[in-house]
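For reference, the structure is listed below as structure tokens.
Note that the structure is predicted; figures quoted are calculated from it, not measured. Order of the sequence lines fixes the chain letters, A, B, ..., with proteins taken first and strands second; residue numbering starts at 1 for each chain. Heavy-atom basis, side chains included; hydrogens, waters and symmetry copies ignored.
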Amino acid sequence: MELMIAAAVIMVKVILITVILFIVPVPLTWLERKIAGHIQQRMGPMRVGWHGLLQPVADGLKLLTKEDNIPDQSDRVLFKIAPFVALVPPFMVFVAVPFGDDVSIFGYETPLYLSDMNVGLLYILAVAGLEIYGVIFGGWASNSKYALLGSLRTCAQLISYEIPMGFAVIGVVMLSQSMNLSDIVDAQEPLWFIVYQPLGFFVFFIAGLAEAQRIPFDLAEAEGDLGAGYHTEYSGMRFSFFMISEYLVMLTISVLCVLLFFGGWHGVLIPLPAPIWFALKVGFFIYLFMWFRFTFPRYRYDQLMSIGWKVLVPLSILNILITGIFVY
Amino acid sequence: MEQAFFLLFASIAVASACGVVLLKNPVHSAVSLMACFIQIAALYILLHSPFLAAVQLFVYVGAIMVLFIFVIMMLEIRQATLERFLPGSKYIALVFSVVLGSAMLWLLFSSPLLSQIPPPTPSASQGSVSELGQALFTQYLLPFEVVSIVLLVALVGAIFMTHKGDG
């Protein structure tokens with residue numbers, strides 16, 4: 001019986017997280033267009049529903065009914081599976097993400113995570129790195145110059161920025177003496193790590209922008225010179241899978257920023273339930289990503305590479321050194 | 001339960017490893033090599049070493065395979081799929097692989113180690129990261145440093161070779 005309840009609880013959590021992750025991109029697209037509109041002094045979507053609230057639904061219906069176009073001469077198998085390959089890693093990341101302390105529902109004590117592994121942080125970074133395969137397969141299988149160039153750029157960018165990202169996190173691991181995400185959050189109860197690790201956060205956030213392929217680092221889909229990057233040839237549902245996975249990567253980076261540097265679900269001043277504090281903080285970072293998108297211009301490709309290798313990597317190593325000196 | 005999962009992962013691993021060799025398109029081979037690596041990571045988790053599994057995903061699947069595919073994508077794939085894999089006769093290759101395979105099998109079965117595999121000792125801590133770090137920096141310090149120097153040399157060599165042209 002105990003085992004049955006435990007299995008049922010895990011099933012419920014899996015379904016809940018999956019459903020939430022599938023739904024979250026819907027309001028995010030609306031939010032992004034609204035923010036874009038207001039920053040550029042226009043209204044954004046207004047026609048469908050109150051202040052365009054139903055716009056994402058209309059967009060979704062449009063994408064669903066579109067023809068699923070597969071280019072001639074493309075690698076059909078890889079072309080078809082690439083969107084799914086892109087979609088899987090963001091979901092896998094959330095297996096290891098804790099959302100709050102233990103809660104009791106109907107007298108049954110349950111933690112707010114799926115799996116509390118002792119290498120949670122490493123697992124998240126590793127799985128997030130698999131995101132790259134959807135991009136590679138999508139770009140290569142399309143058999144199109146623009147898509148291939150876009151996917152080559154994306155690959156180089158993702159590989160380059162994975163390194164400073166991993167290094168920036170080492171400072172946090174040194175301070176909390178653990179790779180377990182709940183331990184890291186608990187270590188921040190007195191003071192958030194952003195206070196000790198401003199440099200680490202700076203590097204992590206910029207590398208995160210690049211990993212999520214947001215402006216100013218969205219070289220992969222630079223509309224002006226590349227069409228739309230690796231998903232140029234995609235249409236309909238498969239295209240929307242790529243979009244969902246991009247939004248989920250942005251969500252992942254925001255969640256990691258909150259967990260590693262901004263105290264996770266620990267609130268300040270106002271006592272709110274842990275998951276609500278968590279959601280508020282994540283929402284702030286998502287807003288920051290969108291704000292950046294409509295504020296900064298795009299970097300050139302060589303600038304992107306030199307920022308990654310010549311600025312962020314040395315800074316992150318410096319951060320490890322400084323942290324080492326202060327810890328011991 | 002554990003055995004069922006082992007059989008699942010192991011059979012997928014073997015099947016995808018065969019795919020690496022048998023598939024004609026190099027990109028498809030690379031994809032099945034990736035699948036094989038992921039199965040091996042899953043096997044590490046069954047062996048209670050999640051750290052090794054994460055590193056396997058990080059290094060092999062996340063970095064090395066990406067570089068493989070990166071290079072393969074630059075090649076002229078269409079031509080490669082049309083060409084024959086081995087120039088010359090198939091039979092020579094067959095003879096060689098049979099000889100090599102039987103030699104390996106003979107070595108394996110004649111080895112005294114096969115019959116005396118020690119029973120697995122369950123570790124209490126499931127291989128925590130701090131334990132691994134302690135071991136690397138105390139017990140295995142010399143090998144660890146030697147490996148880092150070898151990696152450094154490889155790094156310098158790679159940079160030197162890419163700059164060979166402009167002296």
Side-chain angles (χ1 to χ4, degrees), chain A residues 3 73 75-79 81-82 85 88-89 92-93 96 115-133 135-137 139-143 147-149 151-160 162-163 165-166 170 173-174 176-180 183 230 309, chain B residues 1 19 23-35 37-38 41-42 44-45 48-78 80-81 123-134 137 155 159 162:
Chain A
L3 199 70
Q73 300 283 313
D75 190 317
R76 298 181 73 87
V77 181
L78 278 181
F79 188 85
I81 65 167
V85 175
V88 169
M92 277 167 71
V93 163
S115 163
D116 195 32
M117 32 189 124
N118 62 358
V119 288
L121 186 53
L122 198 64
Y123 167 83
I124 285 184
L125 289 179
V127 171
L130 302 186
E131 180 64 27
I132 200 169
Y133 282 104
V135 175
I136 299 183
F137 295 160
W140 181 78
S142 304
N143 189 37
L148 184 63
L149 278 175
S151 93
L152 282 181
R153 279 188 181 184
T154 316
C155 289
Q157 177 178 341
L158 290 183
I159 293 177
S160 310
E162 234 168 55
I163 296 165
M165 198 167 184
I170 292 178
V173 176
M174 284 162 88
S176 62
Q177 304 272 325
S178 171
M179 276 193 170
N180 180 317
D183 287 353
Y230 62 89
W309 288 100
Chain B
M1 185 77 169
L23 287 172
K24 275 209 151 182
N25 189 327
V27 173
H28 292 174
S29 295
V31 173
S32 55
L33 186 57
M34 178 188 103
F37 282 156
I38 292 178
Y44 285 142
I45 291 179
H48 299 294
S49 48
F51 179 76
L52 209 53
V55 168
Q56 166 89 10
L57 279 186
F58 215 159
V59 176
Y60 282 93
V61 186
I64 292 181
M65 275 318 295
V66 171
L67 288 181
F68 273 18
I69 293 181
F70 211 77
V71 173
I72 294 171
M73 282 193 333
M74 307 282 199
L75 304 174
E76 187 57 62
I77 298 290
R78 291 240 165 63
T81 47
S123 71
S125 61
Q126 305 212 342
S128 79
V129 184
S130 54
E131 261 174 55
L132 182 78
Q134 290 258 320
F137 279 102
L155 210 64
I159 292 171
T162 53

Please check if the side chain of Y133(A) supplies one atom and the backbone of V61(B) the other of a donor-acceptor pair under 3.5 Å. yes
So, the part of E162(A) with a heavy atom under 4.5 Å from chain B: the answer is side chain
If one checks every heavy atom of M34(B) against chain A at 4.5 Å, the contacting part turns out to be side chain
So, the part of L158(A) with a heavy atom under 4.5 Å from chain B: the answer is neither
If one checks every heavy atom of S151(A) against chain B at 4.5 Å, the contacting part turns out to be side chain
When the 4.5 angstrom heavy-atom criterion is applied to I132(A) and chain B, the contacting part is side chain
Tightest non-hydrogen contact, residues E131(A) and P89(A), listed as N-CG, 3.8 Å
Tightest non-hydrogen contact, residues L122(A) and A54(B), listed as CD2-CB, 3.8 Å
Value for CE (M92(A)) from OH (Y123(A)), rounded to nearest 0.5 Å, stands at 4.0 Å
Nearest heavy-atom approach of N118(A) to M179(A) is O-CB, 3.5 Å
Cut-off 4.5 Å, heavy atoms of chain B, and the answer for L152(A) is both
